[in-house]
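Order of appearance sets the numbers: ligands from 1, and atoms from 1 within every ligand.
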Amino acid sequence: MAPGGSAIGGQPEWRDDAEYPTCPVCRKLMPCIAQIALGDPWGDDLDGWFTFFLHTECSLAAMVCQG
Ligand SMILES: [Zn+2]
């Protein structure tokens, strides 16, 4: 994952404290699958991220927005 950019896989970046959602079915932490940077894609301003999680065992997805 490029610093400050969007990416599939890898370790997410966090503006605030890390927020890994807990699966509501089995209570395990949900793994991150992708992160989309918010802001002007051609500029240097970064307003935050949408971070997406997928727990395949329970077929549940989640999203966290920081920014
Ligand atoms: Zn689960």
Check whether S6 reaches the backbone of A37 with its side chain - one donor and one acceptor, N or O, closer than 3.5 Å. yes
Do the side chain of R15 and the main chain of D47 share a donor and acceptor less than 3.5 angstrom apart? yes
Ignoring hydrogens, what is the shortest heavy-atom contact between E19 and P21? Give both atom names and the distance. O-CD, 3.3 Å
Give a yes or no on whether the backbone of G9 and the side-chain of Q35 come within a donor-acceptor separation of less than 3.5 Å. no
Do I8 and I33 have side chains that get closer than 4.5 Å, going by heavy atoms? no
Sort by chain and number the protein N/O/S atoms found under 2.8 Å from the Zn ion (ligand 1). C23 SG, C26 SG, H55 ND1, C58 SG
Neighbour count above 12 (heavy atom, 6.0 Å) for Y20 OH: yes
